[in-house]
Amino acid sequence: MENKLRLFNSLSRKKEDFKPLTDGHVGMYVCGPTVYGDPHLGHARPGITFDIVFRYLQHIGYKVRYVRNITDVGHLENDADHGEDKIAKKARLEELEPMEIVQYYTNRYHAFMNALNVLPPSIEPHASGHIIEQMEIIDKIFENGYAYEADGSVYFDVEKYNKKHPYGILSGRNIEEMLANTRELDGQDEKRKPYDFALWKKAAPEHIMRWKSKWSDGFPGWHLECSAMGAKYLGETFDIHGGGMDLLFPHHESEIAQSMAANEKMPVNYWMHNNMITINGQKMGKSLGNFITLEEFFTGNHDMLEQAYSPMTIRFFILQAHYRGTVDFSNEALQGAGKAYERLIKAFGRLDDINPAEAGDLDMEKLRNSCYDAMNDDFNTPILIAHLFDAVKFINAAADGKTTMSDEQKNALQNIRKDFIVDILGLDLETSETVGGSGLNDVMDILLDVRKKLKEEKNYAMSDFIRDELSAKGVTIKDTKDGTSWEM
RNA sequence: GGUCUCGUGGCCGAGUGGCUAGGCAGCGGUCUGCAAAACCGCGUACAGCGGUUCGAAUCCGCUCGAGACCUCCA
């Protein structure tokens with residue numbers, strides 16, 4: 001298959017032709033959630049963004065190994081020496097085992113990602129299951145002279161590393177600036193420099209998540225897990241590493257430093273970062289407390305939500321913006337996305353009932369190529385969707401008898417539906433409005449039959465009564481030349 | 001304060017040195033007993049001020065505004 005895929009590499013800050021290390025194979029690692037709370041809209045963004053990457057790479061013929069981790073240890077509340085582990089803190093507050101917290105929120109995360117039609121990754125490793133691998137990296141970093149120990153904790157010597165390799169290569173900073181601008185935090189006395197980061201932390205006596213090591217009973221630093229698990233499952237250098245833009249520094253920067261310090265190899269060829277979802281122009285984030293959970297979106301149970309929004313509406317909303325731009329949440333925008341999504345799905349749903357005739361005025365090959373061009377240009381889903389709406393107009397016009405469609409065109413559109421809407425965008429062809437209960441169909445047929453007779457008798461009062469009453473129950477009646485249809 | 005990004009019509013959002021995405025909402029029309037849906041048509045937007053250019057929303061400079069990262073955050 002011809003491969004013209006270009007993607008924006010955060011490392012070079014340019015779009016580059018995509019060339020995997022091994023022909024036909026792609027290794028991709030994406031930073032997954034820290035499972036100490038319910039997933040919110042912000043978590044849906046990387047989930048969906050890299051789901052698209054995963055789906056598209058497979059669609060164009062690659063065998064993809066997609067690793068998305070679960071962070072269940074080592075992620076501290078802050079970077080001070082005495083910061084508390086997020087999982088451990090939640091466990092203490094809820095009086096549960098840390099692994100109960102981890103399991104509970106991992107299950108929740110899976111359920112919500114599944115609802116959003118996000119495919120599960122090939123491998124989903126837990127940080128806590130790779131303590132030994134993380135220790136081995138620390139050993140290597142020690143051997144190469146880029147780590148130092150202080151009271152049972154181990155830190156990465158950024159200054160020394162920077163003499164040989166640029167620390168800041170990914171995020172575009174330099175060490176002098178960082179030194180000048182790093183804020184003073186409490187309890188950083190163990191670190192030689194404020195920008196040094198922990199590879200291993202000695203656990204305080206009350207800390208329940210702890211592992212034995214040659215340095216102390218403790219736990220690994222946050223950045224280490226991705227270096228360890230990425231290398232383990234994808235190799236010391238792999239193709240794509242993804243995550244949210246907010247992880248670019250210091251998390252990914254430190255990942256590069258650790259891997260270089262341990263292996264003298266750049267761990268990743270292409271870095272991809274999705275932008276943030278904003279709310280009132282500001283980043284939706286845990287620390288800001290301005291997040292709305294996915295469950296709240298699905299149920300509508302939140303002060304800022306005017307209604308519930310279906311998972312597919314959320315997915316479509318996110319796909320209508322390019323992944324590197326911010327996307328601003330608002331009820332108006334979400335409602336618009338919901339309507340657009342339904343129009344798209346309904347139109348493609350009408351396709352199968354169209355009787356082929358003369359070819360109409362839409363170039364299928366051009367359309368299909370345009371769809372591929374959009375995706376090949378750094379996964380430009382909004383452009384892809386715009387092209388799909390060209391097809392929507394054509395299908396609706398043909399279904400209304402205002403133009404005609406050839407058998408070839410019909411087949412081409414059915415293929416586009418399968419390839420782009422279902423396989424690549426991962427949208428569900430069933431919307432809430434197109435799903436009808438099977439037993440209900442017969443009853444509705446009777447009811448509509450009665451209404452038809454009433455209309456023939458020009459008893460519009462009664463026929464409208466039926467329509468209005470059904471409408472009140474969420475059933476919409478549509479009269480067309482070919483008869484009456486209904487949807488819930 | 002440092003580094004960086006962005007500012008597009010009522011709203012959301014692509015794009016880009018000349019061929020004026022798309023969606024939602026709105027208006028007019030077709031269809032209909034009426035409505036809904038669908039279809040057709042319409043609004044000529046690119047923060048402001050300068051500059052480069054035959055030509056800029058797109059390049060450059062300045063001003064204003066917003067945001068991200070620099071601490072945990074997807």
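Just the heavy atoms: all of them, side chains too, but no hydrogens, waters or symmetry mates, feed the values below. In what follows, chains carry the letters A, B, and so on, assigned in the order in which the sequence lines appear, proteins first and then strands, with residues in each chain numbered from 1.
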What is the nucleic acid contact for A:L248, judged by heavy atoms within less than 4.0 Å: base, sugar-phosphate only, or nothing? nothing
Is there a side-chain polar atom (N or O) of A:N380 under 4.0 Å from OP1 or OP2 of B:rG15? yes
If the cut-off is 4.0 Å, is A:K339 near the phosphate of B:rA25, judged by side-chain N/O to OP1 or OP2? yes
Say we look at B:rG67 and B:rC24: how far apart would their C1' atoms be, to the nearest angstrom? 25 Å
Writing each nucleotide of RNA chain B 5' to 3' as (, ), [, ], | or . by Watson-Crick or G-U pairing under 3.5 Å yields (((((((..(((.....[...))).(((((.......)))))....(((((..]....))))))))))))....
Distance between C1' atoms of B:rG22 and B:rC64 (Å, rounded): 31 Å
If I pick the C1' atom on B:rC42 and the same atom on B:rG10, what distance separates them, to the nearest angstrom? 15 Å
If you measure from the Lys or Arg side-chain nitrogens to the Asp or Glu carboxylate oxygens, is any gap between A:R350 and A:D400 under 4.0 Å? yes
Using 4.0 Å as the upper bound for N to carboxylate O, is an ion pair formed by A:D72 and A:K86? no
When the C1' atoms of B:rG13 and B:rA45 are compared, how many Å lie between them, rounded to an integer? 13 Å
B:rC27 to B:rU44 separation - C1' atoms, rounded to the nearest Å: 16 Å
Regarding A:D377 and A:R6, does a basic nitrogen lie under 4.0 Å from an acidic carboxylate oxygen? no
In terms of side-chain geometry, is the basic nitrogen of A:D378 or A:R324 positioned less than 4.0 Å from the acidic oxygen of its partner? yes
Geometric class of the A:F219/A:H207 ring pair [parallel <30°, tilted 30-60°, perpendicular >60°]: parallel
Counting only side-chain N and O atoms of A:R343, is one of them less than 4.0 Å from OP1 or OP2 of B:rG23? yes
Rounded P spacing from B:rC12 to B:rA47 in Å: 15 Å
Under 4.0 angstrom, heavy atoms only, what part of the nucleic acid is A:A386 near: base, sugar-phosphate, or nothing? base
Take atom CG of A:D328 and atom P of B:rG7, then tell me their distance rounded to the nearest Å. 14 Å
NA contact type, A:K455, heavy-atom cut-off 4.0 Å: base, sugar-phosphate, or nothing? base
Indicate whether A:F389 forms a stack on B:rG22; treat it as stacked only if centroid distance is below 5.5 angstrom and interplanar angle below 30 degrees. no
Could you check whether the rings of A:H251 and A:W222 sit parallel, tilted or perpendicular, using 30° and 60° as the cut-offs? parallel
Pairwise C1' distance, B:rC69 and B:rC11 [rounded to whole Å]: 29 Å
If you measure from the P atom in B:rC31 to the same atom in B:rC19, how many Å do you get, rounded? 37 Å
Heavy-atom count check: over 12 atoms from other residues, nucleotides or ligands less than 6.0 Å from A:D361 CG? no
